[in-house]
Protein chains: 2
Amino acid sequence: MPTTTLPKRRESRGDQRRHQIFKSLHDCILAKGYVKTTLADVAEGAGMSASHLLYYFKGKEDILEQYFDSVSVRFMARIAEFSSQEPRVQIQSLADFWFKGETSTIKEIGFMLECFGAAVNDDVLRITKAEFDESCKAHLVDIFQASPAVFMESTKDAAEISYALMIGLRSAVYFDSDINLDEAHRLFLNSILSMSGHT
Amino acid sequence: MPTTTLPKRRESRGDQRRHQIFKSLHDCILAKGYVKTTLADVAEGAGMSASHLLYYFKGKEDILEQYFDSVSVRFMARIAEFSSQEPRVQIQSLADFWFKGETSTIKEIGFMLECFGAAVNDDVLRITKAEFDESCKAHLVDIFQASPAVFMESTKDAAEISYALMIGLRSAVYFDSDINLDEAHRLFLNSILSMSGHT
DNA sequence: CGTATTTCTTGAATATAATTCAAAATACAC
DNA sequence: GTGTATTTTGAATTATATTCAAGAAATACG
């Protein structure tokens, strides 16, 4: 399916091409998963030949690595926007970000989980994820420091637990039928509010 | 005098072979990850030809699916053993199980994370994981019901949060340098004890 | 314009790994 | 011993990632 995109002057031709490839990879992963996605699949979605993908990227892994990085950057920017809000509102924003909206559908969580699995044995993905985690936890520490009270030994512990809860609940939403996005949202929100003394 | 050796018919020849294959697959996954492991690698470790692996299993995926299932069964049996203990001891046992000992090294956590990633687009793995999760959460509900007090809306919520915490903390231990197995053990233990009213 | 140069694009060739299969080797029953 | 069932293998087959030489298109420049 060829996509006719308007030529933006801000983006070089190469960047446009790269974005088409990312978009196609994302579509393919949501449809059949990264492992089962072939370069031919991605190429067709991006309207080019498979061999031409390797003009822009070193290989299949490289496409995922760079795409994962771009998603990571986008997410960090989004989360950074919350910083100006009151702690209580910030917590609400985070709950919404991780358990509501288009970035947190079941399929998107599946994409995330598959990336984590791939990251286990891919240095580039692993480092990207580690930096993303670090950034998220730093934000959480800030939130807890600005909060009324923390029922934890330290704000660092509270951040660690909050982040683990987010990862674990999203995983549960994907795999387990006893919990859905709304319930996970409630559990996450209530837990963080409670930990931060927002009674 | 006993002249006849007992026929160790506990395991058929085929089952022995299958176990050799599982063992080899596990070694390979710890060494280079499932995706990068080839059938030739597994075959060499199990002392047979690659094509012969497919005499016992339908394919590479099938080996992982059946091995993951056997690990799941083994883990469930181990966790079921804790049931006779007092709630407080049971919580300690769970913390040790998930964050201490040979089943919870960094490499084993990596194996788990890679399986979860693969499970996203593999029906067999996904169902195995879903059933395992369900079983674990049921045990947690039992623990909370037998505990002094639960600072949650329900024991189901407490179980959901505990399990999410376990998954999220193990993931953090694998990817993030700001937390190790000992700290995760402490955080998990303290959180569950606190949630269950074991002050 | 015309053409030189750079960038883009492809199909054909190659490499690697999973899977199939016919047949050989081995174990086993009688 | 001989026939049958099981185990095992190496040699094809298939699928996919990757390389590469060369053609097409865009762009720079006289």
Side-chain angles (χ1 to χ4, degrees), chain A residues 1-25 27-29 31-68 114 118 121-122 124-125, chain B residues 4-5 7-9 11-25 27-29 31-68 114 118 121-125:
Chain A
M1 41 211 79
T3 49
T4 51
T5 46
L6 303 174
K8 286 182 186 174
R9 282 285 161 253
R10 289 274 169 248
E11 255 188 353
S12 75
R13 178 175 186 74
D15 286 342
Q16 280 183 354
R17 265 336 211 172
R18 268 174 261 268
H19 274 159
Q20 287 171 1
I21 294 168
F22 286 160
K23 173 71 167 58
S24 175
L25 176 70
D27 291 346
C28 288
I29 291 180
K32 47 178 15 191
Y34 171 71
V35 175
K36 287 173 188 153
T37 293
T38 68
L39 285 181
D41 292 333
V42 179
E44 189 187 354
M48 64 185 71
S49 68
S51 63
H52 191 47
L53 291 173
L54 306 212
Y55 174 76
Y56 291 109
F57 299 95
K58 272 181 65 182
K60 191 184 166 187
E61 280 195 336
D62 187 38
I63 307 179
L64 182 66
E65 286 162 5
Q66 294 200 36
Y67 179 52
F68 186 66
E114 207 181 354
N121 292 287
D122 181 312
V124 178
L125 288 177
Chain B
T4 54
T5 53
K8 275 201 171 182
R9 268 290 164 182
E11 254 190 352
S12 74
R13 177 174 185 75
D15 285 342
Q16 280 184 342
R17 263 343 209 166
R18 268 174 261 268
H19 273 162
Q20 287 172 0
I21 294 168
F22 285 160
K23 173 72 166 58
S24 174
L25 176 70
D27 291 347
C28 288
I29 291 179
K32 44 172 28 186
Y34 171 71
V35 174
K36 285 172 189 154
T37 294
T38 69
L39 286 181
D41 294 332
V42 178
E44 190 187 353
M48 64 185 72
S49 69
S51 62
H52 191 48
L53 292 173
L54 307 210
Y55 174 76
Y56 291 109
F57 298 95
K58 272 180 65 182
K60 191 184 167 187
E61 281 196 335
D62 187 38
I63 308 179
L64 182 66
E65 286 162 3
Q66 294 199 35
Y67 179 53
F68 186 67
E114 208 181 352
N121 291 287
D122 179 313
D123 290 345
V124 178
L125 289 177

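Since the model is a prediction, treat every value here as computed from it, not as a measurement. Basis for what follows: all heavy atoms, side chains included, without hydrogens, waters or symmetry-related copies.
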Among dA17(D), dC21(C), dA18(C), the one nearest K60(B) by side-chain distance = dA18(C)
Given dT19(C), dT6(D), dT9(C), the nucleotide with the shortest approach to the side chain of Y55(B) |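 For the Y55(B) side chain, the nearest candidate turns out to be dT6(D).
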Would you mind classifying the nucleic acid contact of Y56(B) as base, sugar-phosphate or nothing, using non-hydrogen atoms under 4.0 angstrom?
-> sugar-phosphate
Tell me what T38(B) touches on the nucleic acid: a base, only sugar-phosphate, or nothing, going by heavy atoms under 4.0 Å.
-> sugar-phosphate
Can a side chain N or O of R17(B) be found less than 4.0 Å away from OP1 or OP2 on dT8(D)?
-> yes
Atom pair distance, as rounded to whole Å: [atom1] in [X] and [atom2] in [N]:
{"X": "D41(A)", "N": "dA15(D)", "atom1": "CG", "atom2": "C1'", "result": "12 Å"}
{"X": "R18(A)", "N": "dT9(C)", "atom1": "CZ", "atom2": "P", "result": "11 Å"}
{"X": "L53(A)", "N": "dT16(D)", "atom1": "CG", "atom2": "C1'", "result": "13 Å"}
{"X": "E44(A)", "N": "dT10(C)", "atom1": "CD", "atom2": "P", "result": "13 Å"}
{"X": "H52(A)", "N": "dT18(D)", "atom1": "NE2", "atom2": "C1'", "result": "15 Å"}
{"X": "L54(B)", "N": "dA12(D)", "atom1": "CG", "atom2": "P", "result": "18 Å"}
{"X": "L39(B)", "N": "dA15(D)", "atom1": "CG", "atom2": "C1'", "result": "14 Å"}
{"X": "D62(B)", "N": "dT19(C)", "atom1": "CG", "atom2": "C1'", "result": "13 Å"}

Could you give all pairs that pass the salt bridge (charged side-chain N to carboxylate O under 4.0 Å, His left out) test and reach residues 54-66 of chain B, with sequence neighbours left out?
->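 Found none.
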Q20(A) (side chain) donor-acceptor with G47(A) (main chain) under 3.5 angstrom =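 A pair under 3.5 Å: no.
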Could you say whether G59(A) or M48(B) is positioned toward the 5' end of DNA chain D, judged by the nucleotide with the nearest heavy atom to each?
->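 The residue closer to the strand's 5' end, by nearest nucleotide, is M48(B).
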Is there a donor and acceptor pair, one atom on the side chain of S51(B) and one on the base of dG10(D), closer than 3.5 Å?
-> yes
Looking only at heavy atoms, which two atoms of L53(A) and L39(A) are closest? And how far apart?
->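 Reported closest heavy-atom pair: CD1-O, 3.3 Å.
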May I ask you to check whether F57(B) and F22(B) place their ring centers less than 6.0 Å from one another?
-> yes
Distance, nearest 0.5 Å, that separates CD of Q66(B) from CG of L125(B) |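 With rounding to 0.5 Å, CD (Q66(B)) is 11.0 Å from CG (L125(B)).
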